[in-house]
Amino acid sequence: MERRVLPLARRELARASLSPRKLMLGAAVAFGLLVAAPLSAQAAAPAACAALQEKYPDWKGKTLVNAINPHTPGYETIDPKDPSKYIGFDIDLGEAIGECLGFKLTYKAVTFAALLTTLAAGQADIVISDIYATKERAKAADFITYSKVFDGVLVAKGNPKGINGINLSLCGAAAAENTGYVEVPLIQALIPECKKAGKPEPTIQLYDNNANCIQAILAGRADTYINDVNTVDSAVKAYPDKLEKAIAVTIPYSVGIAVPKNKPKFRDAVLAALIEVQKAGTHMELLKKHGLDVNNFMEPEILTAD
């Protein structure tokens with residue numbers, strides 16, 4: 001299917017816009033802390049990483065905890081060959097950053113909605129889990145952005161409701177979404193517009209992970225699921241006779257690595273390491289390795305609430 005990218009309404013873009021100058025949770029899943037052997041980095045740490053370890057020695061030789069929601073194929077999922085480990089782009093990228101700064105990562109699996117609260121509670125040191133960086137979320141954590149965002153609109157095969165974006169085509173539709181996802185308020189904002197147009201309002205079903213949202217469509221409980229386009233493409237690939245991507249839309253966010261707000265030095269160290277990982281070509285190699293769109297690549301920035 002041809003991929004088309006459509007912008008959101010100007011009003012939605014203005015409401016959700018990010019500051020271009022900022023250097024940039026449903027029950028909890030009781031997976032707990034899994035201490036798994038780190039996956040090997042895709043490339044040797046760049047030579048500049050030695051200098052970074054001298055500049056930021058506080059984390060060298062340490063083991064840090066990455067809070068993740070391991071239900072996003074391509075980004076972070078449980079390794080089907082070894083359920084004590086995780087695989088995906090974010091896993092490899094985080095370990096490349098860790099190698100550059102001299103630390104190792106273990107993982108704490110939680111619901112998506114609990115990612116930032118887990119970080120704020122001191123139960124994790126970092127969040128690298130396909131989380132969109134927004135000004136609202138930046139009230140709870142600082143972000144280092146690393147990926148552009150394109151959302152896909154997942155529907156049942158044949159798109160019986162004729163859904164074609166985050167617009168009035170969602171009037172009367174049931175959308176399955178993850179608790180805490182940025183798509184939820186965007187869909188909620190359509191309720192008064194649908195009423196004004198004399199159409200039934202959209203409804204939202206909240207779930208704890210991507211898999212449950214996708215199953216809601218397969219079971220006929222929901223009409224659509226709007227999320228990262230790579231997640232939607234993976235669902236279509238898994239169920240080609242039952243699902244399809246109606247369209248792709250741009251939304252005004254970036255994916256980011258979340259770090260505690262009270263640790264600016266750590267934030268700056270992660271930013272510096274990510275820059276070196278990108279210079280080494282590792283970031284692009286990992287996108288290709290995990291079948292993600294290379295157009296998602298972006299140079300990192302810091303986003304804070306300030």
Side-chain angles (χ1 to χ4, degrees), residues 1-18 20 72-75 89 112 130-137 145-194 196-197 199 201-207 210 213-214 216-217 222-239 243-256 287 291-298 303:
M1 175 179 294
E2 179 183 358
R3 175 179 172 184
R4 293 185 292 152
V5 180
L6 298 181
L8 292 177
R10 291 182 180 177
R11 175 184 56 77
E12 293 171 343
L13 284 171
R15 182 177 62 247
S17 62
L18 300 177
T72 308
Y75 292 94
F89 171 83
F112 180 86
D130 192 35
I131 183 171
Y132 293 179
T134 71
K135 275 291 186 180
E136 183 64 28
R137 289 175 178 167
T145 60
Y146 62 94
S147 178
K148 299 175 185 177
V149 171
F150 301 99
D151 263 13
V153 179
L154 185 68
V155 295
K157 194 73 174 181
N159 193 8
K161 290 294 183 72
I163 298 169
N164 56 28
I166 307 177
N167 53 34
L168 293 185
S169 68
L170 286 176
C171 296
E177 294 296 335
N178 279 306
T179 301
Y181 267 32
V182 298
E183 290 82 3
V184 174
L186 294 179
I187 296 171
Q188 291 173 329
L190 291 171
I191 293 176
E193 294 188 16
C194 289
K196 184 177 180 180
K199 298 181 178 182
E201 65 186 56
T203 58
I204 301 176
Q205 302 170 11
L206 296 177
Y207 296 94
N210 296 318
C213 292
I214 294 166
I217 298 179
D223 302 306
T224 187
Y225 173 46
I226 303 169
N227 192 13
D228 178 273
V229 70
N230 296 293
T231 300
V232 169
D233 286 342
S234 293
V236 174
K237 184 176 180 179
Y239 302 97
L243 300 173
E244 69 179 63
K245 180 175 66 181
I247 201 168
V249 297
T250 59
I251 63 175
Y253 303 112
S254 300
V255 181
L287 287 171
L292 304 178
D293 192 341
V294 296
N295 290 314
N296 284 16
F297 179 93
M298 68 173 287
L303 174 69

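Quick note: numbers below take in every heavy atom, side chains included, and nothing from hydrogens, waters or symmetry partners.
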Sub-4.5 Å side-chain heavy-atom contact between [X] and [Y]:
X      : Y      : result
Pro202 : Cys194 : yes
Asn227 : Leu154 : no
Phe150 : Thr250 : yes
Asn167 : Glu193 : no
Asn296 : Asn230 : yes
Ile163 : Asp223 : yes
Ser254 : Met298 : yes
Leu190 : Cys171 : no

Shortest non-hydrogen contact between [X] and [Y], atoms and distance:
X      : Y      : answer
Ala156 : Glu244 : O-CG, 3.9 Å
Arg137 : Phe112 : NH2-CE2, 3.6 Å
Gly165 : Val249 : CA-CG1, 4.1 Å
Cys213 : Ala176 : O-CB, 3.8 Å

Are the side chain of Ser169 and the backbone of Asn164 linked by a donor-acceptor contact shorter than 3.5 Å? yes
Main chain of Tyr225, side chain of Glu177: is a donor-acceptor contact present, judged purely on distance under 3.5 Å? no
Which residue, Val232, Val155, Ile217, forms the side chain to side chain contact (heavy atoms under 4.5 Å, CB included) with Leu243? Ile217
Scan Ile247, Ile187, Ile251, Val184 and name whichever one has a side chain to side chain contact (heavy atoms under 4.5 Å, CB included) with Ile226. Ile187
Measure the [atom1]-[atom2] distance between [X] and [Y] for me, rounded to the nearest 0.5 Å.
X      : Y      : atom1 : atom2 : value
Lys196 : Leu168 : NZ    : CG    : 10.5 Å
Lys135 : Tyr253 : NZ    : OH    : 12.5 Å
Asp233 : Asp228 : CG    : CG    : 8.5 Å
Lys245 : Thr224 : NZ    : OG1   : 12.5 Å
Thr179 : Leu206 : OG1   : CG    : 4.5 Å
Leu292 : Ser234 : CG    : OG    : 7.5 Å

Checking side-chain polar atoms at under 3.5 Å, does [X] have a donor or acceptor matched by the opposite partner on [Y]?
X      : Y      : value
Tyr132 : Asp151 : yes
Asp130 : Thr72  : no
Thr231 : Asn210 : no

Please step through side chain to side chain contact (heavy atoms under 4.5 Å, CB included) for the pair Val255 and Tyr146, ending with a clear verdict. CA-CA 6 Å; Val255 181; Tyr146 62 94; 3.2 Å; yes
Take a 6.0 Å sphere around NZ of Lys237 and say whether it holds more than 12 heavy atoms from other residues, nucleotides or ligands. no
Between Phe89 and Tyr75, what is the ring plane arrangement, given parallel below 30°, perpendicular above 60°, and tilted in between? perpendicular
